[in-house]
Amino acid sequence: MSNPTAIIADDEEHLRADLCSKLTRLWPQLQIVAEAVNGLEAEAMILSCRPDVAFLDIKMPGLTGLQVAQRLEGQTRFVFVTAYDQFALEAFEREALDFLVKPVDDERLARTIKRLRGAIEAARPPPVLTQMLQDLLRGVTAPVSAQATPTRLRWLRASTAETTQHIPVQDVHYLQSDDKYTIVRTATGEHVVRMPVAEMMAALDPEQFWQIHRSIVVNMNFVEGTRRDESGRMFVRLKDQKTELPVSRAWVHLFRQM
């Protein structure tokens, strides 16, 4: 039996490289035959290479990982790589689909590899995903405003190369955007969550979490008050007595009645 083959699709180069390195170490028999930077490339590579496995990032330009899988369901097994919130992860688990959470940790990847190797060696056909993918596409990609009851985040996942920490949302003092990631500040320090602030805002309680700057969202439960400097700029002062966060002019009106 020839060695199994795979492609990796992710628009972030360092995450593709990290997953490729881990797969090489944990599954040395696997041949990575191609890498894609968007959904359209992934679709073309699956059609041309016919890999046994495709590791697909959920959020990619062109086509999402779910859309690629929906269009190409057949002989390739799909593993979805995601940085989505807990609601979406529960949906993946409910549908019994293989998924990995960014950044991918060795233990979870090893379990996924074990399942994939067993299925490939036993020559079992890939599961029928059509209905599952349709359900996920409706639930994961639908805007929060279109849902009858918006699902609120209960905790955030902050990951390092070795561990994943679950941070209760109520413990978050503020969020600060850092490109595609978010810096989460709690009483215990700073944590990096691999989800943009804009995505988090859609699933946070707007009564509790207020955006006060293009890159800053504050938990009002930890706000003590505001102050203005000599030039009239407003700052939010937190209850820790040492943290002040700038308020952009676009959001100053939120504090006029405080």
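On a predicted model such as this, the values are computed, not experimentally measured, just so you know.
Annotation: side chain of Leu100 is not in contact with side chain of Thr82 (no heavy-atom distance under 4.5 Å). At a threshold of 4.5 Å between non-hydrogen side-chain atoms, the residues Val247 and Phe255 count as touching. Inter-residue side-chain proximity for Trp27 and Leu116 is flagged as met; some heavy-atom pair is nearer than 4.5 Å. For the pair Val217/Trp210, no side-chain contact is recorded, criterion being any heavy-atom separation below 4.5 Å from C-beta on. At a threshold of 4.5 Å between non-hydrogen side-chain atoms, the residues Val169 and Phe209 count as touching. Tyr174 is listed as a side-chain neighbour of Thr243, based on a closest heavy-atom distance under 4.5 Å. A 4.5 Å side-chain heavy-atom check between Thr5 and Leu30 finds every atom pair outside the cut-off.
Partners of Glu230 by side-chain contact (heavy atoms from CB on, under 4.5 Å), not counting sequence neighbours: none found. For Glu207, there are no salt bridge (charged side-chain N to carboxylate O under 4.0 Å, His left out) partners at least two apart in sequence or on another chain. For Phe222, the ring pair (Phe, Tyr, Trp, His ring centres under 6.0 Å) test picks out His173, with sequence neighbours left out. Annotation: ring pair (Phe, Tyr, Trp, His ring centres under 6.0 Å) contacts of His213 (sequence neighbours excluded): none. Residues satisfying the side-chain contact (heavy atoms from CB on, under 4.5 Å) test with Glu190, not counting sequence neighbours, are Ile183, Arg185. Take Arg25 and apply the side-chain contact (heavy atoms from CB on, under 4.5 Å) test, not counting sequence neighbours, and it matches Lys22, Asp106. For the side-chain hydrogen bond (donor to acceptor under 3.5 Å, both in side chains) test, residues two or more places apart in sequence or in another chain that qualify with Arg237 are Glu224. Scored by the side-chain contact (heavy atoms from CB on, under 4.5 Å) test, Arg233 finds Asp229, Ser231, Phe235 as partners (sequence neighbours excluded). Not counting sequence neighbours, Gln170 has no partner by the side-chain hydrogen bond (donor to acceptor under 3.5 Å, both in side chains) test.
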Going through the distances and angles, do Ile7 and Ile32 end up as a side chain to side chain contact (heavy atoms under 4.5 Å, CB included)?
CA-CA 6 Å; Ile7 74 159; Ile32 308 297; over 6 Å; no

Checking Leu245 against Ile212 for the side chain to side chain contact (heavy atoms under 4.5 Å, CB included) test, could you report, in this order, the C-alpha distance in whole Å, the side-chain angles of both residues, the deciding distance, and whether it holds?
CA-CA 8 Å; Leu245 304 170; Ile212 61 171; 3.9 Å; yes

Pair Val79-Phe99, side chain to side chain contact (heavy atoms under 4.5 Å, CB included): steps then yes or no
CA-CA 5 Å; Val79 178; Phe99 71 92; 5.8 Å; no

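Contact detail for Leu26 and Ala110: the closest heavy-atom pair is CD1-N, 4.4 Å. The shortest heavy-atom contact between Ala6 and Pro51 is CA-CB, 3.9 Å. The two residues Ala69 and Phe80 make their nearest non-hydrogen contact at CB-CZ, 3.6 Å. The two residues Ile120 and Pro4 make their nearest non-hydrogen contact at CD1-CB, 4.2 Å. Minimum heavy-atom separation, Asp11 to Lys59: OD1-O, 3.7 Å.
Thr76 places no side-chain N or O within 3.5 Å of a backbone atom of Leu72 that could act as its donor or acceptor partner. Proximity of a side-chain donor or acceptor of Ser21 to a complementary backbone N or O of Asp18 within less than 3.5 Å is not detected.
Met60 and Leu63 fall into different hydrophobic clusters, where Ile, Leu, Val, Met, Phe, Trp and Tyr side chains are chained together by heavy-atom contacts under 4.5 Å. Leu40 and Val37 fall into different hydrophobic clusters, where Ile, Leu, Val, Met, Phe, Trp and Tyr side chains are chained together by heavy-atom contacts under 4.5 Å.
Within a 6.0 Å sphere centred on CD of Glu13, other residues, nucleotides and ligands contribute 12 heavy atoms or fewer.
Listed by first then second residue, pairs satisfying salt bridge (charged side-chain N to carboxylate O under 4.0 Å, His left out) with a partner in residues 240-249 read Arg227-Glu244, not counting sequence neighbours. Within the structure, salt bridge (charged side-chain N to carboxylate O under 4.0 Å, His left out) contacts touching residues 30-53 (residues at least two apart or in different chains) are Arg16-Glu35, Glu43-Arg71. Among residue pairs with one or both ends in residues 2-26, none qualify as ring-ring contact (aromatic ring centres under 6.0 Å, His included); sequence neighbours excluded.
With Ile216 as the fixed residue, the side chain to side chain contact (heavy atoms under 4.5 Å, CB included) test singles out one of Ser248, Pro246, Ser177: Pro246.
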